[in-house]
There are 2 protein chains.
Amino acid sequence: MAGESDRTEKMTVALRKAGIRVTRQRVALLSVLADANDHPDAVELHDRAKQVEPTVSLATVYRTLSVLEGEGVVQRHAFEGGGARFETTHEDHHDHILDIDTGAVIEFQSDKIEQLQDEIARELGYEVVHHRLELYCRKKH
Amino acid sequence: MAGESDRTEKMTVALRKAGIRVTRQRVALLSVLADANDHPDAVELHDRAKQVEPTVSLATVYRTLSVLEGEGVVQRHAFEGGGARFETTHEDHHDHILDIDTGAVIEFQSDKIEQLQDEIARELGYEVVHHRLELYCRKKH
DNA sequence: TTATTTGCAAAACCTTTGCCCGCGA
DNA sequence: TCGCGGGCAAAGGTTTTGCAAATAA
């Protein structure tokens with residue numbers, strides 16, 4: 001289908017923008033990342049990428065994720081328990097709600113909280129460079 | 001000095017309350033934890049505890065920290081980079097500012113932010129069980 | 001006494017790295 | 001061509017665990 005070559009082209013552009021070579025392995029990783037909306041970890045990304053390009057190794061997944069993180073293309077999260085989980089960077093900043101029971105991740109955004117954070121830091125003579133806000137929640141019955 | 005036996009007694013009480021045996025190793029760990037105000041990691045706690053009681057092993061430090069965490073006596077934090085860091089649970093809940101340059105940890109508390117968090121979760125049908133808020137900051141020049 | 005707790009060493013994780021070959025530009 | 005990027009396997013750092021000896025109650 002046409003969608004696939006569009007996708008590949010997009011990935012190619014993203015990689016060139018990052019100033020790194022366009023390899024089959026990187027295109028595969030980027031495409032599964034683009035599809036994912038569940039904040040997968042490196043091993044999960046590796047499994048999914050292998051379906052697209054069987055030659056991808058876990059080492060390459062980690063190496064590529066690090067590069068892309070440096071370029072601001074992906075974001076790394078260290079939620080409670082287990083290893084790092086990743087998502088492609090999207091336009092708007094957001095924080096996360098984690099469903100304790102199901103492991104689901106929900107994104108949310110609050111300007112008010114961001115403002116309060118800046119205020120608090122400013123009062124202590126600091127400037128917020130980045131932050132982490134995670135709400136570990138349970139569904140209300 | 002009198003202070004020391006007071007301290008030991010306090011540790012003893014804390015351990016009995018947790019329903020676990022009062023061992024030299026655990027008393028040593030709890031005493032260095034009580035003294036610490038810098039959120040040390042397990043290896044650092046081990047080093048400090050060894051000064052009090054040379055027979056403490058790192059395995060025991062980890063085992064005891066897990067038990068005490070379960071009992072709500074200590075709290076475990078997973079700040080960016082490196083391993084878990086610990087502090088004794090104190091009365092009032094608080095979040096952390098981390099100085100990116102020095103590694104210093106500053107505690108702060110904001111009822112307003114907590115309220116907003118609850119509101120956001122409620123709107124999505126969730127209930128906040130616990131949360132993590134970390135501000136990675138730089139001193140303003 | 002006896003059930004818990006310990007130290008030690010090994011294992012278990014997750015992530016990074018060295019090396020040499022292969023592929024992208 | 002030529003140098004970046006690849007797989008593989010080994011190493012790294014942190015945390016957990018199996019086991020027999022030690023110890024608190």
Side-chain angles (χ1 to χ4, degrees), chain A residues 8-9 11-30 32 39-47 49-71 73-86, chain B residues 8-9 11-30 33 39-71 73-86 103:
Chain A
T8 302
E9 197 157 333
M11 301 301 121
T12 301
V13 171
L15 289 170
R16 287 204 201 289
K17 208 180 84 179
I20 59 178
R21 290 191 178 171
V22 180
T23 64
R24 278 169 289 124
Q25 292 86 348
R26 286 173 177 164
V27 170
L29 176 58
L30 265 177
V32 300
H39 303 70
D41 64 15
V43 172
E44 179 63 30
L45 285 169
H46 180 216
D47 286 345
K50 274 190 294 192
Q51 319 258 101
V52 180
E53 173 52 59
T55 69
V56 191
S57 71
L58 185 54
T60 289
V61 170
Y62 276 111
R63 277 189 280 236
T64 304
L65 286 171
S66 291
V67 175
L68 295 178
E69 186 191 9
E71 295 296 328
V73 178
V74 312
Q75 275 180 279
R76 177 191 302 257
H77 301 292
F79 300 139
E80 289 182 358
R85 298 172 63 173
F86 302 84
Chain B
T8 303
E9 198 159 332
M11 298 302 120
T12 302
V13 171
L15 289 170
R16 287 204 202 288
K17 207 179 85 177
I20 59 178
R21 291 189 177 173
V22 179
T23 65
R24 278 169 288 125
Q25 290 87 347
R26 286 174 176 162
V27 170
L29 175 59
L30 265 176
L33 255 172
H39 303 70
D41 65 15
V43 172
E44 179 62 30
L45 284 169
H46 180 217
D47 287 344
R48 295 184 196 176
K50 274 190 294 191
Q51 319 258 102
V52 179
E53 171 53 60
T55 69
V56 191
S57 72
L58 184 55
T60 289
V61 169
Y62 275 111
R63 278 189 282 234
T64 303
L65 286 171
S66 291
V67 174
L68 295 179
E69 186 191 8
E71 295 296 326
V73 178
V74 312
Q75 275 179 277
R76 176 191 303 258
H77 300 292
F79 300 139
E80 289 182 356
R85 298 172 64 174
F86 302 84

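Throughout, protein chains are lettered first and strands after them, A, B, ... in sequence-line order, and every chain is numbered starting at 1. Here the structure is a predicted model, which means the values were calculated and not measured.
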Touch check for [X], heavy atoms < 4.0 angstrom, all strands: base, sugar-phosphate only, or nothing?
X	result
A/R26	sugar-phosphate
B/V56	sugar-phosphate
A/R63	base

Could you pull out the closest heavy-atom pair between [X] and [Y], with the gap in Å?
X	Y	value
B/L58	B/A42	CD1-O, 3.9 Å
A/R24	A/E53	NH1-OE2, 3.5 Å
B/A49	B/A28	O-CB, 4.1 Å

Take B/I20 and B/R76, find for each the nucleotide of DNA chain D with the closest heavy atom, and name the residue whose nucleotide sits nearer the 5' end.
->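 Its nearest nucleotide being more 5', the pick is B/R76.
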
From [atom1] of [X] over to [atom2] of [N], roughly how many Å is that when rounded to an integer?
X	N	atom1	atom2	result
A/D47	C/dC14	CG	P	12 Å
B/Q25	C/dT6	CD	P	5 Å
B/E53	D/dA22	CD	P	16 Å
B/H46	C/dC8	NE2	C1'	11 Å
B/H77	D/dT15	NE2	P	14 Å
A/L58	C/dT17	CG	P	14 Å
A/L15	D/dG6	CG	P	10 Å
B/F79	D/dT14	CZ	P	16 Å

[X] has a side chain; which of [options] sits nearest to it?
X	options	answer
A/R24	D/dT23, C/dC23, D/dG6	C/dC23
B/A59	D/dG3, D/dT17, D/dA25	D/dT17
A/Y62	D/dA25, C/dC14, D/dG5	C/dC14

Beyond-backbone contact of A/R21 with A/R26, side-chain heavy atoms, under 4.5 angstrom |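 Side chain of A/R21 against side chain of A/R26, heavy atoms only: contact under 4.5 Å found.
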
When you look at A/L29 and A/T60, which way does the side-chain contact (heavy atoms from CB on, under 4.5 Å) test go after all the steps?
-> CA-CA 9 Å; A/L29 176 58; A/T60 289; over 6 Å; no

side-chain N/O A/T23 vs D/dG6 OP1/OP2, d < 4.0 Å |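 Checking D/dG6 against A/T23, a side-chain N or O does come within under 4.0 Å of OP1 or OP2.
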
Side-chain N,O (A/T60) to OP1/OP2 (D/dG5) below 4.0 Å =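 A/T60 to D/dG5 OP1/OP2: no side-chain N or O under 4.0 Å.
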
Do A/R16 and C/dG24 share a donor-acceptor pair, side chain to base, under 3.5 Å?
->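 No, no donor-acceptor pair under 3.5 Å.
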
